[in-house]
Amino acid sequence: MATLKAVRGTRDLLPPETALWNRIEQTARQVFARYNFGEIRTPIFEDTALFARGVGEETDIVSKEMYTWEDRARAQSEKAQSLTLRPENTAGVVRAYIEHQLGEGGKLQKLYYIGPQFRRERPQKGRYRQFWQIGAEAIGPPSSGSESPLRDAEVLEMLATLLDELSIAGWRLEINSVGSAADRARYNEVLRAALEPVAPKMCADCRRRAVTNPLRVLDCKVPEDQPIIETLPKIGNSLDQESKEHFAAVLAALDAAGVPYHRNARLVRGLDYYTRTTFEFTHGGLGAQNALLGGGRYDGLSEALGGPRAPGIGFAMGLDRLVLTLEAQQRALPETIYIDTPCDAYIAPLGEAQNAPALALARELRKSGLRVEIGDGTFRLKKSLEIANKLAWRIVILGEDELKSGIVTVKNFLTGLQAKVSREELSAYLKGPVGRNPA
RNA sequence: GCGGCUAUAGUUCAGCGGCAGAACGCCUGACUGUGGCUCAGGAUGUCGUGGGUUCGAUCCCCACUAGCCGCCCCA
């Protein structure tokens, strides 16, 4: 019989690696809380129309990467409906913002999420079909200050802080402004016109993009094309006065906060909803998938989804890629490779008669906050020691004598020394330092 | 979706057209309540799946599947 395996592009996360995932998530939650972001959890699947309208019908994500299915009507009263596993989370958050009329209070909504997303791409390093994103959105009616360049700068500064606190070394912030929707449309035409005479001299991909998606030409990495790309009009020149001022104010705020950035006039993003500020934090250690996170402003998204005017800015970071980056960093520093940290104690019952008392003892110690592992009375002491040595700092030996006297034997694997400890003192004793503990 | 590389023990990997290998890990060692280090033994495989060539295929050929790397796209 063929054995069942995790489907292509999905994977199991196992300990001890999950400890790293937890640490990252915990750090993110703490940082978000300091910036007054609250957690939102949206459904993992939504009406297909949400992504078509929000992310954009023409994007690769919507046109060929979504997991979509027809949810059949099972009763007369039900309607069949096209559903889709979320390929990103911003559309869902904005949908929830509209649905619950979160703008009515007049205040800025600051929401973060952590969860799996789904895209049917070819799996690769740092790219999975089920992948995890941590993201945040600051959205609200214009009167709440949601449109202020200060929001952009605050979010970017928060990200710099978060990456630093995660001890991601060597991140790079690239920032650009793609202007308003009208600016973008205008630039697209300018670019298309400028490409027409030079495209035949460029690579095959660029010749195709020049027609289908001119903005993507700016992303081209073929060395021979670079001189040509340099001569193309810059989007900065197509921005209206307001967008220019907004961008300048964002950069000024970043300067004031001391957040280093690189202006990248060629940074374009693949989702239709982005306006004005767009950014990406990259890292060299990720290979082809070098973006740790990306985001930007989406001032028209709420209206595109049928909601009120609600400018916003947000980002999504690839949790899988953060983990990869941190693992690579840790491998470079041998002593910080994460390992299973040993338990505080291993309880070894020396006979089956000691099994039940051992569980009672474990319960007591665990209640006091100790991390405790427990063996089995059928193990010979030698075997118990071998097992315990692998997974705990100390072994608590519970034999007939110990049970009778209420004084257990504790052996410290680090020092090799052994002591007799009364049950009353055991918890405090095990909480004491391991390294220089006399016993 | 396209191209290249890869698939052998729990893990990392050698290997060869003719009995399947190493290292690490695992198990057992005077069966009395003392581990680590060392020593002596031992177990472990549909050689990714399906076809083809051959007297004979883990090895050569084809297809499929999966993984990695790149393209594309993105986080």
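In what follows, every chain begins at residue 1, and chains take the letters A, B, ... in the order their sequences are listed. This structure is a prediction, so every number in the text was calculated from the model and none was measured.
- No contact: A:F281 has no heavy atom under 4.0 Å from any strand.
- The cationic group of A:R11 lies under 6.0 Å from the six-membered ring centre of A:Y128 and within 45° of the ring axis, placing it in a cation-pi geometry.
- For A:R120, whose side chain is taken as the heavy atoms from C-beta onward, the closest listed nucleotide among B:G1, B:C68, B:A75 is B:G1.
- Going from atom CG of A:N89 over to atom CZ of A:R95 covers 10.0 Å, rounded to the nearest 0.5 Å.
- Nucleotides B:A23 and B:G17 are separated by 28 Å at their C1' atoms, to the nearest Å.
- Distance check on atom C1': B:G50 versus B:A57 gives 15 Å, rounded to whole Å.
- For the atom pair CG (A:L292) and CG (A:L319), the distance works out to 11.0 Å, reported to the nearest 0.5 Å.
- Closest to the A:R127 side chain, of the nucleotides B:G35, B:C69, B:C71, is B:C71.
- Separation of the C1' atoms belonging to B:C71 and B:C61 is 28 Å when rounded to the nearest angstrom.
- Using cut-offs of 30° and 60° for the angle between ring planes, the A:F32 and A:F315 rings count as tilted.
- The same atom, P, is picked in B:C59 and in B:G52; the two are 14 Å apart, to the nearest Å.
- The CZ atom of A:F118 sits 16 Å away from the P atom of B:A75 (whole-angstrom rounding).
- Counting any heavy atom pair closer than 4.0 Å across all strands shown, A:F315 reaches no nucleic acid atom.
- Of the candidate nucleotides B:G67, B:G1, B:G35, B:G1 has the atom lying nearest to any side-chain atom of A:R122.
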For a quick check, with a 4.0 angstrom heavy-atom cut-off, what is the B/S/- contact string for nucleotides 23-34 of chain B, read 5' to 3'? ---S--S---BB
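- Of the C1' atoms belonging to B:A9 and B:G42, the separation is 15 Å, rounded to the nearest Å.
- Stems are defined here as 3 or more consecutive Watson-Crick or G-U wobble pairs with pairing distances under 3.5 Å; those involving RNA chain B are B:1-7 with B:65-71, B:10-13 with B:21-24, B:26-29 with B:39-42, B:48-52 with B:60-64.
- At B:A75, none of the side-chain N or O atoms of A:R321 fall inside 4.0 Å of OP1 or OP2 (strictly under the cut-off).
- Spacing of P atoms, B:U28 relative to B:C37, comes out at 16 Å, to the nearest Å.
- Here B:G35 presents its P atom at 17 Å from CZ of A:F379, a figure rounded to the nearest Å.
- Of the listed nucleotides (B:G67, B:A75, B:C73), B:G67 has the atom at the smallest distance from the side chain of A:R8.
- With B:G35, B:C71, B:C74 as the candidates, the nucleotide lying closest to the side chain of A:Q124 is B:C71.
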Between A:S177 and A:T277, does a side-chain hydrogen bond (donor to acceptor under 3.5 Å, both in side chains) hold up when you go through it step by step? CA-CA 4 Å; A:S177 176; A:T277 313; 5.5 Å; no
Assess whether salt bridge (charged side-chain N to carboxylate O under 4.0 Å, His left out) is satisfied between A:R119 and A:E88, documenting all intermediate values. CA-CA 9 Å; A:R119 293 182 199 173; A:E88 59 95 57; 6.0 Å; no
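- Heavy atoms of A:G351 sit nowhere under 4.0 angstrom from any nucleic acid atom.
- Atom P of nucleotide B:G70 and atom CG of A:N290 are separated by 10 Å, given to the nearest angstrom.
- Nucleotides B:C27 and B:C64 are separated by 43 Å at their P atoms, to the nearest Å.
- Residue contacts shown for A:G295 are absent, as no nucleic acid heavy atom lies under 4.0 Å away.
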